[in-house]
Every structure is written in C-alpha cells, then in structure tokens.
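Throughout, a chain's letter reflects where its sequence line sits, starting with A, and its residues are numbered from 1. Since the model is a prediction, treat every value here as computed from it, not as a measurement.
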Amino acid sequence: MLDSRYDSKEIEARIYRDWEQSGFFNPDQCVAKGVTKKNAKPFSIVLPPPNVTGTLHMGHAAMLVIEDIMVRYARMRGRKTLWIPGTDHAAIATQSKVESLIYKKEGKNRHDLGRENFLARVTQFAAESHATIVNQVRRMGASIDWSREAYTLDDSRERAVREAFKRMYDMGLIYRGARIVNWDPKLQTTVSDDEIEWVEEKVPLYYLKYGPFVIATARPETKFGDKYVVVHPKDTRYAKYKDGEKIDLEWINGPVTATVVKDAVMDMSFGTGAMTITPWHDATDFDIAERHGLDKEQIIDERGRLLPVAGEFAGIKIKDARAAIIGKLKEKGLVVKVEEGYEHRVATSQRGGGIIEPQIKEQWFVAVNKPFMKSGKKTTLKELMRRAVAQKKIKIVPKRFEKIYFHWIENLRDWCISRQIWFGHRVPVWYRSTDAHGRPNGTPSDSRGVEMCVGETPKGEGWTQDPDTLDTWFSSGLWTFSTLGWPKETKDLATYHPTDVLETGYDILFFWVARMVLMTGALLNDIPFRTVYLHGLVRDEKGKKMSKTAGNVIDPLEMIEKYNADATRLSLVVGAAPGSDIKLSEDKVRGYRNFTTKIWNAGRFVLMNYRPEFAEVKISMSAADKKYLAGAKRAKREVARYVENFQFHRAAEHAYHYLWHTFADKVIEVKKGDLKGSDAKKAASAYRLLEAILRECLQMLHPFVPFVTEELYKNLPRKESEFLMIEPWK
RNA sequence: GCGCGCUUAGCUCAGUGGUAGAGCAACUCGUUUACACCGAGUAGGUCGGGGGUUCGAAUCCCUCAGCGCGCACCA
C-alpha cells in the first residue's frame, strides 16, 4: 500500500534509476523492445550544452524541463525519440574562471604554469564540473540518452571541428587577415562583436582646433597620429577643401600634414561635421581608411598603453593619459570648447568586464558576405541564414524574434573566430617558415616563404601549429550534427538530422542559434532544426536577474531537496509564456509542491479502494460516467494540442486544473459514496470510472510531473506498459 | 535614432470581437478516514490614459505615457 506521505527523495532516486536502467531513454532500445515502431517518425532534440564552469542554475532547469516535456510527450506518442546530452568547454568562460581560481589560491597566472600544465588544470576543473552537471540533469528527471553523451572538446567533436574548418577554408569562407577586432586588454584576447556589452557613459565632448577645422571627439587620447580629416562630400561648409587636399597644421605633439577625405558616412548635423580618424582603434575609422586606401597607425598597445607615437605620453595607460593630454591641448590653445555630459557608449567585455580597445590584428575570420557556390547557385552565408527563416524552413517561436534575427543578420560583419587563449580547439593550421620563427607576421601564404597546412597535422619537420584557439561558438555551431557523428555518414545522422526543435534562451539567439544555421547551411547544405523555441530568462520575484552578488539566486537542487523535483519543474513552466521572462519565487515552488501532494492523494485514494473482486462484476457504464470519462479525454486532447503548439504554460495549467478541480473536487466527491457503500456493483462501477480517469490524468500530467505520476502508475493493479513513460498516449 | 515587448484583482499571470478569469496572498467557517502540503465560502478589477472601427473591444486600428529589452559606423 502507498505511503500517506509522498517521499520524494526515495521515490525520485529510485524511479530515475529504474528509467535509466530500462534503456528507454535510448530510441534504439525502444525499437529493440518493441515500444517504438521501427519505422516510427523520429523526434530529436540536442541539449544546449551547459558550460563546464560550475553548476546548473534555474535557467538550465527551465530549459531541461521544457525539453523533457517535449521529449516525454513525443515518446508517449510513439515517435522514435532522441534527446542528446552534452557539455560545452566554453573556452573563455572556463579558462578565465580557472585562471582566477588558481590566482586566488596560488598567486600564479597561466604563464607561470605554462600552456601544458595550465591546460591540465583546466581539464581537471572541467571534469569535476561535468560530474556535478550530469548529476543535476538527472535530478531534474531529464529523460535523455546518456549513451550518446558528447562534449564540445572531445575527440569526436575535434574531428568535426577540423573537418569543418578545412572545408570552409577550401570554400573560401574562412580566411586569415588583418582587420579591426575587439581586443580585450584584460583577458589578452580578441572577442567577437556579440561578446561585447555596451555601457552608456556621460563624458565631456571636446571640440579641438585641427588647423582650419574644428573637430569633436570624446577620446582625445587616441588622436596623436590623426592625419586625415573627414567631411561629407556635400557639406557646403567644407566645399572649398578638395578631396585629398593637404594642409599643414599644428597638432598635439607638433606640426603634421593633414589630408582632407570626403566620405558620405559623415553626419553633417553632428558636431562640426568634421572629424579626424584613428583607423587602428575604431571600426568606423577603419572602414573609411579601407575605402580610401589610407595609412593606419597603432597608437595603443595590447595592454592599453600609449606607444612612442604619443611622444611624452608614451607608456602611460590611456585612461590616465586623458587629463594630461587635455592639459597640453589647452596650453597650446587647441581646445575650442568642452561640452559636458555627452552620452556615449563604451564597449566592455562581457566576460572580463574590461574596456574593449579595438585593434587591427591578424586573425581568422568567417566571411559572411563573400559569394560562394551552393548547389549550383551563388549565395553568401548571410543570405543562407536569412533564407532559412524567410522561407519558413525554420520557424522561430515566438514569432517576434524572427524580426530580431533578420535585423541582426543585416548588420552582421565577418566573424572573428580566433582567440588568444589556450583552452579550446586549437586552430587547425600549421606553418613552416624558412626562418623557423613560428607564426610569421605577414599573411601565412604570402611570398615570404611560409608554407601553410590546413586541417590535418602535416608530416615532415619544422611545422608549428597556430597558437590560437577557436571561438567556443565555432564548435557549438556544429552541435546538431557533430553530436550525431558527422563528418562520418552515420545512421544517426541520417535518421535524426535535421533535429526537430532547438530549445534555448533568447539571449543566445545570435551567439548560437544563428551560428548553427550558418554552419549547417555551409557544411551540410541543410537546416539544423525545424523549430526554434526560445524561453525567457528566469528572474527573482522582483524581476531582477539572479546573481551571486545580489544574493537572490534560487538553486534548483535546493528546491528539489526542500520540495521535490516535480514541483520545481512545474514552477518553471506555468506562467512562462514563450520568450518572456519567468519570475520565480519559493512560494511558487511551494504551491506546486502542494499540487504534487494533491496528485498523490487523489491517486492514492483511487488505488486504496481497489478490490480484486471488482474484476468479476459485470458493469456497463452509465451515461453520466461516460460524460465524466469523455471530459478527461477532452482535457488530455487539449493538453496535447497545447504541447504541440509550444504552449507549455497553458498545457501544464490545463492538466493542473483538470486533476484538481474536476477530477478531485467533483468526480471523486460524487463517486465517493458509491465507492464506500455496500452495493458491490456500484462500488465496482465507481472504481472502474475513477481508475480510468486516473489513467488519463497520469498520462496528461506525466510530461510535466514525471516522478509522482510514474510512482502512482507503478501501483496500478493492471498495467499495459512497464513504465508510464512509454505508455502509448492515444 | 530604429525596432520589439509589457501595462488585466494586493502579487504572478491567463484570456486575440459577445455578459471580466486562475494561482498565490487576505478574510470567514470547517479536522465524521484521500488530502490542513486540505475543503467550503467571502471580498477584491470602469482590463495604463485618450480617440477610432463595430450592434458589441481587455481583445482590432491610431495616439500618448510609464517600464523593460534588442539593434545601431553620430566622431
């Protein structure tokens, strides 16, 4: 007989173990054991791999729940269902985490340890983190196929990365070049445009005398080498100056010869309509310089200090130099006006928090605007990404994110994929130069006698591998097919790709979702998934982002310990419309714990009234009972409809209401008398009805609250399946 | 600057043309065996403001306001 108390700790541990041992998380087993038809329609999802930087938070929990709902539903509907687990090495995130841990504990940096030793430490950290994460995924009840687990940095994925790099290089989509990149002086690496956080700042806007011009700038400390003054070609104020005209003038550290450049990028209404440019440290200026073939000079070094071009200011950190430079400019009478409170955005590194200093660097890039041939047609990566969604091959839920996606693509620049960090996939390129100096300064394949080998480790003497590693999103971009065995033509790849749904947070739509579309389009000429379902961020009850420093973090494991896993799951689904943030409070979890108790008690009540002799009583169902049963079936159909339309919040709520306010409050109450009365026929008929409805309830609730429903199912007197998890949903 | 979202009961939210809903919180009553992690009941909203379309609008259109977010080469 069932305990009056629902002992979640014992039950959850036991049930998860039984599920896992049954092998039914693996679709091959389901087919082998006859649970799933051999030719059943596949349903596949890849788990967005959590970073091996620590532990799972509520956002991960929300993701696991939504995916598990889809997976359990699909499995019960008879689909050949695969959910692949994995973890992400998260290059920069993990490396900087371990670096700071080691520095705090031992006072050493990565250079003190050396590349090999340091990487061993990161690998060890990643392994510990992995163990924690895997345990947490299990505790949430995820019905995921552990036999196919992958890691973005394991051997199989390494092969995929090398192959992808090689193929894209051969297609001309990956190139090495000196372009302006986002340099993080703190982490000493480049970062991509998407890894930047713009911070609004109010600074003085300086109007400086530049010969006959007045130019406005918020960053006087970068202006040393400025020798071009740019104006709009149609600006009548500057009509008397010809494009390319040279003017001698007095500047910060003495006389310079300036050249007039006319470019339509200028906004005539801003400042004086004239500006000087610093092409080495500003993306816009870089573009102007490229368009007009202008010189570019480095002013700031990799650690944020001024170079010798700054004369007396050389060696000073730019932040400290500003006041001194303004002082000198004032002395020389070059400051015309200072406008206080000018609003301006500063690029900061999302990871390290430091201020990004654009630099021109020789890096590896993915060319997004370069035409290439794809199945006989000319296209670009940008176009390919746009069309996948525009032509409705990929659907984004909620739809409004499609617009955001298109907008992002329009503004996309070439993607810088090389990083100057150690942890990650090393760039699969080898160089051999006659002077044997490792990586050369120039273009590797240029005339300076440097040989280059891409893709596989070359044979022979004197080769040096590129010291850089790849952006972590390069390997995650391959995730839907690298997890299925690509570049090998595996059966899994043929069966489960493209995947059905990619479920993730809207905050990584660009980082990840778009990159997957890009990589899959380029390499497989296909889409990675048919539907993108975006969930919101999990916030605290006041709508604030959960963070350790704010102390408002609700830990999913703690909620599971205190309440139970099913309650934790429901609290992350109900009230969470697609794409909108979820406000979570402990009260909410407690509320759903009460609901799991209600399920337990309703189920227990039905089961405790079972008598074996009911089997011998012949009954025909009354019209009223048929109506009750039909109501349950209708509720289940509604739940199914909501799940299929990705409205999990409504599905869960619907099932919740049916169980509590119809089944428990009405049907059970009405039938209670009959059940307990002396009339055997009435009792049998009441029981029969309640059990039938209970079965419907257990099914419709199972994707949301798998543990309590599975345990009740286990105690049904007659069962059709070994587990509720695989009971056909009809 | 461009774009998007939100604004419904104290709180969290559902509700896409037809007499305002749920959960939590509050209040009252109730422990005669499924459940006090409960039940029965009560109270609480001119659906952000204004205008329009319509026989009829929380729901469609316009406009304003507040909050939040995304994007952007205004130095």
Subject >> Contacts of type ring-ring contact (aromatic ring centres under 6.0 Å, His included), residue A:Phe224, not counting sequence neighbours >> reply: A:Phe313
**OP:** Can you sort out the partners of A:Lys682 under side-chain contact (heavy atoms from CB on, under 4.5 Å), two or more places apart, ordered by chain and number?
**Re:** A:Asp674, A:Asp679
**OP:** Using atom CD1 of A:Ile404 as one end and atom C1' of B:rG68 as the other, report the distance to the nearest whole Å.
**Re:** 13 Å
Subject >> By side-chain contact (heavy atoms from CB on, under 4.5 Å) - contacts of A:Lys330 (at least two apart) >> reply: A:Ile326, A:Val335
Original post:
How would you label the contact of A:Glu343 with the nucleic acid (heavy atoms, under 4.0 Å): base, sugar-phosphate, or nothing?
Top reply: nothing
Restricting both atoms to N or O, compile the protein contacts to nucleotides 71-73 of chain B shorter than 3.5 Å, with distance only.
residue	atom	partner	partner atom	Å
B:rC71	O2'	A:His407	ND1	3.1
B:rC71	O2'	A:Asn411	ND2	3.2
B:rA72	N7	A:Arg345	NH1	3.0
B:rA72	N6	A:Arg345	NH1	3.4
B:rC73	O4'	A:Thr284	OG1	2.7
B:rC73	O2'	A:Thr284	OG1	2.9

Subject >> Nearest-nucleotide comparison on RNA chain B, the residue closer to the 5′ end among A:Met266 and A:Arg604 >> reply: A:Arg604
Using distance only, find each side-chain donor-acceptor pair of residues 506-514 of chain A under 3.5 Å and give its atom names and separation, not counting sequence neighbours.
residue	atom	partner	partner atom	Å
A:Tyr506	OH	A:Asp581	OD1	2.8
A:Tyr506	OH	A:Asp581	OD2	3.4
A:Trp512	NE1	A:Ser476	O	2.9

Original post:
Under 4.0 Å between a side-chain N/O of A:Lys676 and OP1 or OP2 of B:rA34, yes or no?
Top reply: yes
**OP:** Please state the C1' separation for the pair B:rU42 and B:rC37 - nearest whole angstrom.
**Re:** 23 Å
Listing time: all N or O pairs from protein to nucleotides 36-42 of chain B that are below 3.5 Å?
residue	atom	partner	partner atom	Å
B:rC37	O4'	A:Asn594	OD1	3.2
B:rC37	O2	A:Arg593	NE	2.8
B:rC37	O2	A:Thr597	OG1	2.4
B:rC38	OP1	A:Asn594	ND2	3.2
B:rC38	O3'	A:Lys598	NZ	3.4
B:rG39	OP1	A:Lys598	NZ	3.4
B:rG39	OP1	A:Trp660	NE1	2.3

**OP:** Quick one: do A:Asn564 and A:Phe707 satisfy side-chain contact (heavy atoms from CB on, under 4.5 Å)? Show the steps, please.
**Re:** CA-CA 9 Å; A:Asn564 63 55; A:Phe707 289 110; over 6 Å; no
Write down the protein N/O and nucleotide N/O pairs, taken from nucleotides 12-14 of chain B, whose separation is under 3.5 Å; answer none if there are no such pairs.
residue	atom	partner	partner atom	Å
B:rC13	OP2	A:Lys583	NZ	3.3

Subject >> Electrostatic pair A:Glu357-A:Lys319, nearest N-O below 4.0 angstrom >> reply: no
Sequence neighbours left out, cut at 3.5 Å: what donor-acceptor pairs do the side chains of residues 664-672 of chain A make with other protein atoms?
residue	atom	partner	partner atom	Å
A:Asp665	OD2	A:His661	ND1	2.9
A:Lys666	NZ	A:His661	O	3.4
A:Glu669	OE2	A:Lys672	NZ	3.4
A:Lys671	NZ	A:Asp625	OD1	2.8

Original post:
Under the 3.5 angstrom rule, does the side chain of A:Tyr228 hit a backbone N or O of A:Asp295 as a donor-acceptor pair?
Top reply: yes
**OP:** Using Watson-Crick or G-U wobble pairs with both distances under 3.5 Å, give me RNA chain B in dot-bracket, 5' to 3', with [ ] for crossers and | for pairs to another strand.
**Re:** ((((((((.[[[[.)..(..]]]].(((((.......))))).....[[[[[..)....]]]]])))))))....
Subject >> For A:His649, side-chain contact (heavy atoms from CB on, under 4.5 Å) partners two or more places apart >> reply: A:Ala577, A:Pro578, A:Gln647
Original post:
Does A:Ser349 have any side-chain contact (heavy atoms from CB on, under 4.5 Å) partners at least two apart in sequence or in another chain, and if so, which?
Top reply: A:Asp184, A:Leu187, A:Arg351, A:Ile356
Original post:
Across the strands shown, which category fits A:Gly536 at heavy-atom distances under 4.0 angstrom: base, sugar-phosphate, nothing?
Top reply: nothing
Original post:
What pairs meet the salt bridge (charged side-chain N to carboxylate O under 4.0 Å, His left out) rule with one or both residues in residues 261-271 of chain A, with sequence neighbours excluded?
Top reply: A:Asp263-A:Arg291
